[in-house]
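Taking it in order: structure first as structure tokens, then the write-up.
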2 protein chains.
Amino acid sequence: MSYRVLYIEDEDHLANIVKETMELKGYMVLHQREGLKILETIPAFRPDICVLDVMLPYIDGFTLGNTIRKHYPSLPIIFLTAKGQTKDVLEGFSSGGTDYLRKPFSMEELMIRINNQIAIRRQTPSPRIEHKQKEFHLGSFTYSPDRLELRSASGIVKLSNREAEIMNIFCMQPNATIDRRELMQIVWGDDSYFISRNLDVYIRRLRDYFAMGQGVEIITLKGKGYHFSVS
Amino acid sequence: MSYRVLYIEDEDHLANIVKETMELKGYMVLHQREGLKILETIPAFRPDICVLDVMLPYIDGFTLGNTIRKHYPSLPIIFLTAKGQTKDVLEGFSSGGTDYLRKPFSMEELMIRINNQIAIRRQTPSPRIEHKQKEFHLGSFTYSPDRLELRSASGIVKLSNREAEIMNIFCMQPNATIDRRELMQIVWGDDSYFISRNLDVYIRRLRDYFAMGQGVEIITLKGKGYHFSVS
DNA sequence: CCCAAATAAGGTTAAATTAGGTTAACGAAA
DNA sequence: TTTCGTTAACCTAATTTAACCTTATTTGGG
């Protein structure tokens, strides 16, 4: 089983190196440049661990850590702090960090600490991340993520795993733009060409389902992603 | 309240510095030069955390860590490793360490990590002691893990050992995704092809049972595992 | 500055693959 | 000898791959 790492880092160069190394070790990594939408990303991606840079635009890492801790008390968080900032480290732990690493760090060191945090957490029988909502009302449809069911006047459709994963992401952000690459990253852990055709197939299926009722539409934003339009 | 640190270190000079610094910070420290009698020391001293040097006479730190972990699964252990010994570190974590520090370390760093480990442990409500529930109410069913019985309006089904093992795992995480490989690892200690067909057989049997009532469903998440849907 | 060709992005459909499901039968333990 | 767990052969459905199609966006000539 491959573990899922949510990694927030604004420096692209560093991020790419770290991401690739982690992927080589068999982890599924979702990298984002800032944490504004983290409360939507977490239930969609269901990470086993978060790795947060501390210096981030918009929201700093510690604030982010606090937010995560509030909603997901048992999700491990590793902070990446700038060197020589002990005060920061203390603040980091008080804001819910379970470990930290000073920059510059070796990948080896990071991997060890990630493995360790996941191992510690797995010993404790802790609840996995669940969908916060039991049901979503979308136009003339009702979607239940627990039962993977899409209900409407014309009947019940059982969604497959992949179909449901995409639905879950859409439901987190109704009437918003969902980035195509990000979507692929979350569902397939990859955004290559073949996955891309693959996503198309599933979008097609969802559109078929939604055509059986009213009020929901998946609108293509070419070059960007999809707009999940719900009324 | 002052926390209690059990500190095993054979270098007297270093040990004194560390001990004194910790005491200045208000910790109660018991320092010993080797770990031969650790299983007598722990219940007597009741430490909140153990700090173990790795290079020790008679018994090395990792072996010691293993022993401690066996008897006190939730007691945090910090290893102090010689520099440049990554292999050792990995071994250390697998032998139950919860953190480690490379020599030479700063006292500040050690204090931070000790505090953090104690804090983490305090957060965990009932650390690692499995709380076995007497009965689970699942839809129109009642499952009793003690009696291996699944009761519903249509009668009582006696579950076999294997059936119950799988049920137990499902009941720990209702409405969550259970990884297929992980499930096989837990029940059979193996996730090979034949085990896989085997699991299918048992899933089938459980599904048959649940078909006799309502509110419980085992949903396949292809490529992932199962979703134990309970209402 | 406009329009058509070129190109890139996404859509459709069906075949291929792989993961999982079903059923029956066999053998070991109780 | 009955129950349970495993193996095996065969079946079904989700997912991926592939080939081909359509539409938006870009580009460059007039």
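A, B, ... follow the sequence lines: proteins, then strands. Residue 1 opens every chain. Since the model is a prediction, treat every value here as computed from it, not as a measurement.
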Can you check whether [X] has a side-chain N or O nearer than 4.0 Å to OP1 or OP2 of [N]?
{"X": "A:R204", "N": "C:dT13", "answer": "yes"}
{"X": "B:Y202", "N": "C:dT22", "answer": "no"}
{"X": "A:T220", "N": "D:dT23", "answer": "no"}
{"X": "A:W188", "N": "D:dT15", "answer": "no"}
{"X": "B:R180", "N": "C:dA19", "answer": "no"}
{"X": "B:S196", "N": "C:dA19", "answer": "no"}
{"X": "B:S160", "N": "D:dG5", "answer": "yes"}

How close or far is atom [atom2] of [N] from atom [atom1] of [X], stated in whole angstroms?
{"X": "B:N198", "N": "C:dG21", "atom1": "CG", "atom2": "P", "result": "13 Å"}
{"X": "A:D191", "N": "C:dA9", "atom1": "CG", "atom2": "C1'", "result": "14 Å"}
{"X": "A:I219", "N": "C:dG10", "atom1": "CD1", "atom2": "P", "result": "15 Å"}
{"X": "B:D200", "N": "D:dG5", "atom1": "CG", "atom2": "C1'", "result": "15 Å"}
{"X": "B:Y193", "N": "C:dT18", "atom1": "OH", "atom2": "P", "result": "13 Å"}
{"X": "A:R205", "N": "C:dG11", "atom1": "CZ", "atom2": "P", "result": "14 Å"}
{"X": "B:R162", "N": "C:dA28", "atom1": "CZ", "atom2": "P", "result": "17 Å"}
{"X": "A:L221", "N": "D:dT25", "atom1": "CG", "atom2": "P", "result": "9 Å"}

Classify the ring geometry of B:F62 against B:F79: parallel below 30°, tilted from 30° to 60°, perpendicular beyond 60°. perpendicular

Between B:F170 and B:Y226, what is the ring plane arrangement, given parallel below 30°, perpendicular above 60°, and tilted in between? perpendicular

Check whether the side chain of A:R197 and the base of C:dG10 form a donor-acceptor pair under 3.5 Å.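 Yes.
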
Polar pair under 3.5 Å, donor/acceptor by atom type, side chain A:K222, base C:dA8: no

Taking for each residue the nucleotide of DNA chain D with the nearest heavy atom, is it B:I195 or B:L159 whose nucleotide lies nearer the 5' end?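 Between the two, 5'-proximity favours B:L159.
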
5'-most contact on DNA chain C: B:D208 or A:Y226, nearest heavy atom basis?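 The residue mapped nearer the 5' terminus is A:Y226.
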
Using a 6.0 Å distance limit plus a 45 degree cone around the ring axis, check whether A:R207 lies over the aromatic ring of A:F210. no

Would one find more than 12 heavy atoms of other residues, nucleotides or ligands at under 6.0 Å from atom NZ of B:K70? no

Does A:R4 come within less than 4.0 Å of A:D48, counting only side-chain N to carboxylate O?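 Salt bridge between A:R4 and A:D48, a charged N being under 4.0 Å from a carboxylate O: no.
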
Does the side chain of B:T63 pick up a donor-acceptor pair with the side chain of B:D60 at under 3.5 Å? yes

Does a donor on one side chain and an acceptor on the other come within less than 3.5 Å for A:E182 and A:Q32?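 A:E182 vs A:Q32: donor-acceptor pair found between side chains.
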
Under 4.0 Å between any heavy atoms, over every strand shown, what does B:R207 touch: base, sugar-phosphate, or nothing? Just pick one.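 Sugar-phosphate: the residue B:R207, judged by heavy atoms under 4.0 Å, touches backbone atoms but no base.
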
Find the bend of the helix from C:dC1-D:dG30 to C:dA30-D:dT1 as the angle between its two terminal axes (five pairs each), to the nearest 10°.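 The angle, to the nearest 10 degrees, is 20°.
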
Full working for salt bridge (charged side-chain N to carboxylate O under 4.0 Å, His left out) between A:R180 and A:D200: CA-CA 10 Å; A:R180 201 183 151 91; A:D200 295 336; 3.0 Å; yes

